[in-house]
Amino acid sequence: MAVSVWASSSSTIPSSKYNNLFAAAAAAASSSSSYSNSSSLKFPLQRLPITWVCSPSPSRPRLLPLVKAKKQTFSSFDDLLTNTDKPVLVDFYATWCGPCQFMAPILNEVSTQLKDTIQLVKIDTEKYPSIANKYKIEALPTFIIFKDGKPYDRFEGALSADQLIQRIENSLKVKQ
Amino acid sequence: MMTTTSTTTTLQVQAQASASSSFAIRIPPSSSFASPLTRSPHRFVVRAAVDPSEKSIEIMRKFSEQYARKSGTYFCVDKGVTSVVIKGLADHKDSLGAPLCPCRHYDDKPAEVGQGFWNCPCVPMRERKECHCMLFLTPDNDFAGKEQTISLDEIRATTANI
């Protein structure tokens, strides 16, 4: 069972620019699938290999890899960016932004398809205005692809799954 | 054939600033992490956002219908988008006194309301019929539907899980 709860920490976190604990859920990362029963998160999070599970359907038993979203805690957004090996696609959104909600299922689909290429992170600009200000976010949704911790490509507005995949692949291909 | 239950979850973090610098993190209970032996359907985290007032929603709903007619624009084929934007406008009307565009990030919201550029209908819409919220769509837009009306029931139904 994936870790679904963690204990509150009373140790002082080194103060960083964003001094709230920042939890980001990453879309299915190829290297994560946790079946530990532990209910406490160690920081930094241990990465576990994909675990092969038996399909629950009795009629056709076969081994299926279960790829799951990985939950990690970072002390800041910067920390998240530096501790991720893949490029990160960040979706800056707001709760009552129509196109942002429209993109939610599309982002799920894209992050599944590109799970080895990119990691998806969503940031609520109303909850983290300082991060939004730092990257000069104006229109929503804004997508920024971060590579090596720095903004690499940036685009605004809703788009279809195919268009988004195209954009991500072109962007990462060109600058390699 | 690979089964994936990958979903992207946005976690709401509540940091309690206190003298002891302790941070409490609360994760919504209906998390979308599947246990190994069950296949969970794609489930989004259901976390009720505070809804704007009924009165403001009604005002912005009427405004949207009127303005769509007046400007010759149409609502999105996906009425969910229309509904979310109407609620966003209502929310800003409640909190700021004016329907500031909900599809933008602002450094200082009250200042923006005073300035007026992004009060719906915003200047880009009034001048060039450009609505990046996808609320008012010109007929040539790929996402434009054929309707210029939306009922309160539709709004409620399409935003039930936000």
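Per chain, numbering begins at 1; letters A, B, ... match sequence-line order.
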So which pairs with a foot in residues 133-162 of chain B pass ring-ring contact (aromatic ring centres under 6.0 Å, His included), sequence neighbours left out? A/Phe102-B/Phe143, B/Tyr67-B/Phe136
Please tell me whether B/Val77 and B/Val85 are part of a single hydrophobic cluster in this structure, the criterion being side-chain heavy atoms less than 4.5 Å apart. no
Looking only at non-hydrogen atoms, find the nearest pair between A/Ile137 and B/His105 and report the distance. O-CD2, 3.4 Å
Heavy-atom contact with chain A under 4.5 Å, split by part of B/Asp107: both
Against chain B, label A/Glu109 side chain, backbone, both or neither, depending on which of its atoms sit under 4.5 Å from a heavy atom there. neither
Heavy atoms of A/Gln101 and B/Val84 approach each other most closely as CG-CG1, 3.9 Å
Could you list who else is in B/Val123's hydrophobic cluster, with ILVMFWY side chains joined at under 4.5 Å, directly or through other members? B/Leu96, B/Leu100, B/Tyr106, B/Val113, B/Phe117, B/Trp118
Applying a strict 4.5 Å limit to non-hydrogen atoms, the region of B/Lys109 in contact with chain A is side chain
Check A/Pro99 against B/Cys103 and note the closest heavy-atom contact, atom names and distance. CD-SG, 3.8 Å
Which bit of A/Ala94 comes within less than 4.5 Å of chain B, counting heavy atoms only: side chain, backbone, both or neither? side chain
Criterion side chain to side chain contact (heavy atoms under 4.5 Å, CB included) against A/Trp96, the qualifying member of B/Ile86, B/Asp51, B/Leu89: B/Asp51
How long is the gap from NZ on B/Lys87 to SG on A/Cys97, to the nearest 0.5 Å? 15.0 Å
Between B/Tyr74 and B/Val81, is there a shared hydrophobic cluster once you connect ILVMFWY residues whose side-chain heavy atoms come closer than 4.5 Å? no
